[in-house]
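Everything numeric in this text was worked out from a predicted model, so none of it was measured. What you see below is based on every heavy atom in this structure, not just the backbone, and it leaves out hydrogens, waters and symmetry mates. Letters A, B, ... are given to chains in the order of the sequence lines, protein chains preceding strands, and every chain is numbered from 1.
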2 protein chains.
Amino acid sequence: MSTKTKVTIHDIAEKLNITASTVSRALNDNPRISDATKKAVLKTAKQLNYQPNNIAAALRHGKSYIIGVIVPTADRFFFASVVRGIEEIANNLNYKVIICQSYDNYEKEVQTIEALLNARVDGIIASIGKNTENFDHFKKVQSKGIPLVLFDRTTDELEVSQVMIDDYLGSYKTVEHLIQQGCRRIAHFTSPKKVSVFKERLRGYTDALRDYEIPYDEQLVIKSDLQLEDGRESMKKLLKLKQMPDAVFSASDYAAMGAMQVLKERDIQIPEQVALAGFSNEPFTSFTDPPLTTVDQRSIKMGNITAELFFEHFKAGEKGIVSQKTVLKPELIVRKSTLRK
Amino acid sequence: MSTKTKVTIHDIAEKLNITASTVSRALNDNPRISDATKKAVLKTAKQLNYQPNNIAAALRHGKSYIIGVIVPTADRFFFASVVRGIEEIANNLNYKVIICQSYDNYEKEVQTIEALLNARVDGIIASIGKNTENFDHFKKVQSKGIPLVLFDRTTDELEVSQVMIDDYLGSYKTVEHLIQQGCRRIAHFTSPKKVSVFKERLRGYTDALRDYEIPYDEQLVIKSDLQLEDGRESMKKLLKLKQMPDAVFSASDYAAMGAMQVLKERDIQIPEQVALAGFSNEPFTSFTDPPLTTVDQRSIKMGNITAELFFEHFKAGEKGIVSQKTVLKPELIVRKSTLRK
DNA sequence: TCAGTTTGCGTAATCGTTTGCGCAAAGTAG
DNA sequence: CTACTTTGCGCAAACGATTACGCAAACTGA
């Protein structure tokens with residue numbers, strides 16, 4: 001049975017005939033407090049069922065020990081993994097992470113930032129929503145001197161530290177691989193959005209084609225929202241062309257999966273007739289039939305690095321440090337969907 | 001350019017020659033404040049770039065407007081969806097949700113609870129970790145009078161409101177469906193853990209067999225952690241039996257997927273030789289080959305209801321209301337992996 | 001033994017809001 | 001015009017912790 005009344009350090013001070021300051025110091029293991037007193041305090045704390053009030057502490061010293069993480073959606077393996085990577089580091093340093101989802105909705109992203117600022121988080125780590133084209137809310141964060149680090153979905157319109165993978169390289173290597181497998185008419189699924197990752201993947205695609213002297217064919221580049229259903233539609237469009245592509249490189253695993261479905265429905269052999277590659281290394285790609293070639297984004301590593309970078313900024317504090325851009329090397333995961341051997 | 005010095009309601013009060021109380025009331029739209037004053041306050045607030053400090057407010061009135069949600073892992077579609085469902089309701093009521101992952105780790109679950117209590121969240125919504133067998137940390141939450149609602153992974157050892165699906169029914173219907181498809185040797189993948197959902201699914205399995213007068217064969221019930229790899233191992237064990245099963249009903253989609261891989265590797269026809277069903281309706285189940293029959297858990301709905309139930313408790317406050325158990329009806333999603341037609 | 005240091009703790013201010021109470025001015029009723 | 005209610009706001013005490021400063025007692029070294 002517990003007392004309904006909240007017990008504070010004053011209560012435990014009173015019980016011990018000492019002051020709240022001493023209790024506070026004892027609980028924080030201050031060297032100026034004798035071991036005897038510390039033990040007594042700890043003991044009565046348990047006894048009274050004392051629960052520290054972080055809110056009060058946070059108010060007092062302006063730190064909440066909470067960092068806000070904003071992701072478009074937490075149910076994508078990639079983002080979930082990055083969050084995990086961030087948590088690993090943050091928890092070690094005794095920070096809590098509060099995860100917010102923007103659902104790729106600009107309004108919600110703005111509101112979330114505002115809420116995090118009101119909640120006085122010690123910093124924000126974010127991946128920008130697909131539809132975000134105005135970055136004032138992020139600028140506001142910076143102007144308040146609150147550490148901000150972006151990962152994966154970043155932008156150059158902000159002078160901010162960011163961590164991403166080399167989307168260009170991942171894309172280039174994938175297309176190169178397809179070419180080495182003998183493909184010559186390689187299609188690409190991309191997004192019309194301003195998010196740099198997709199632009200980079202497109203650039204890797206075109207550059208690889210150019211370097212291998214394969215003509216760029218506008219018809220083979222299909223823009224969509226890159227969900228599974230979009231992949232289906234895009235694939236159908238491709239199949240209507242006079243000349244079918246012999247490979248499809250999708251900037252998203254989901255869209256690649258959609259394409260795979262359509263190909264299988266029409267009994268088009270993968271990879272013999274059409275080789276297929278995705279991007280992100282979603283878990284399901286390893287057990288599609290055939291398993292899907294894709295690009296691993298080093299998600300956990302990215303989370304770790306993002307968090308570490310964040311804490312660097314954090315420690316630098318008001319002085320601030322020059323914002324830096326960390327680029328991770330992606331890994332091409334070759335599976336049967338592109339192996340024509 | 002922004003002032004580094006934090007601006008408070010006192011600053012805006014000073015500028016207007018009124019007191020902080022008035023400013024506070026104006027910002028909170030208190031009826032006792034004139035419209036003129038309110039407008040002036042709002043205006044200078046913008047002007048000074050005032051940012052409310054929720055920490056101070058929370059300290060003052062003991063409410064943080066934050067509720068903690070604990071899930072084993074956020075990268076499972078089911079949990080991510082429930083979280084989404086919870087957020088929908090919570091955001092409408094102006095509550096923020098902080099998502100914590102226990103990673104099915106008991107220690108971390110306990111620590112997370114402690115951290116949430118310290119952070120003075122207004123309540124906790126949780127799904128219990130797989131390895132949790134002691135519930136004192138949840139009891140502590142309750143003893144502090146903090147609203148607690150469990151979903152999906154619940155326990156009867158706690159007198160607490162909970163929301164779940166009828167795992168028994170979902171399981172029963174699945175097995176019934178398999179029987180109707182002509183299967184007679186139906187295996188079941190389950191977990192050794194104390195989590196009620198798996199026990200219920202097992203009960204549905206055995207009851208369906210009994211009702212259809214199919215003998216229960218202990219050899220056909222395989223316990224594991226139900227990950228994909230476990231599914232592979234379990235399937236291999238089954239294939240070593242003198243008599244092969246003609247159906248596998250896995251309590252997890254991932255384990256079912258593992259089984260599917262093994263079956264395909266050995267050229268065993270699905271569903272002709274072995275029918276296969278999973279549980280949870282993970283997104284990937286719709287695009288496996290063949291698509292996997294599974295049970296949908298009404299995840300968004302579950303999130304909505306959980307949150308609503310939570311807020312009921314919340315409003316009831318100290319008085320408390322009788323804890324209630326809400327059971328949702330699951331939906332059997334029949335796909336090709338079990339359709340022998 | 002005495003000045004100087006260390007140890008151990010108390011005093012009181014502070015973080016930024018909220019809110020019960022009070023009070024004058026303005027409005028309303030009779 | 002009196003008495004009462006409303007309107008609009010100020011005063012000051014919270015909320016629960018932290019911390020700069022101070023001060024005695026104990027300890028240290030020469």
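- Relative orientation of the A/Tyr106 and A/His137 rings is perpendicular, given thresholds of 30° and 60° on the angle between their planes.
- Side-chain rings of A/Phe151 and A/Phe310 stay apart, their centers remaining 6.0 Å or farther from each other.
- Residues A/Ile9 and A/Ser24 share a closest heavy-atom pair of CD1-CB, 4.2 Å.
- Interface remark: the A/Arg25 side chain does form a donor-acceptor pair with the C/dG10 base, using a distance-only criterion of under 3.5 Å.
- Think of the region where chain B sits on DNA chain D: with heavy atoms and a 4.0 Å cut, that region ends 5' and 3' at D/dT7 to D/dG16.
- No contact: A/Ile55 has no heavy atom under 4.0 Å from any strand.
- Minimum atom distance to the side chain of A/Arg32 is reached by C/dC9, of the listed C/dG16, C/dC9, C/dT11.
- Counting heavy-atom neighbours within 6.0 Å of B/Lys63 NZ, excluding the residue itself, gives a total above 12.
- Using a 4.0 Å cut-off, some side-chain N or O of A/Thr19 falls inside it from OP1 or OP2 of C/dG10.
- Between B/Tyr95 and B/Tyr65, the angle of the ring planes lies from 30° to 60°, which puts this pair in the tilted group.
- Using a cut-off of 4.0 Å between Lys/Arg side-chain N and Asp/Glu carboxylate O, B/Lys193 and B/Glu133 are scored as not salt-bridged.
- Residue A/Asn54 is out of contact with every strand shown, counting any heavy-atom pair closer than 4.0 Å.
- Distances shown here put every side-chain N or O of A/Ser21 at or beyond 4.0 Å from the OP1 or OP2 atom of C/dC9.
- Residue B/Ser24 places none of its side-chain N or O atoms closer than 4.0 Å to OP1 or OP2 of C/dT19.
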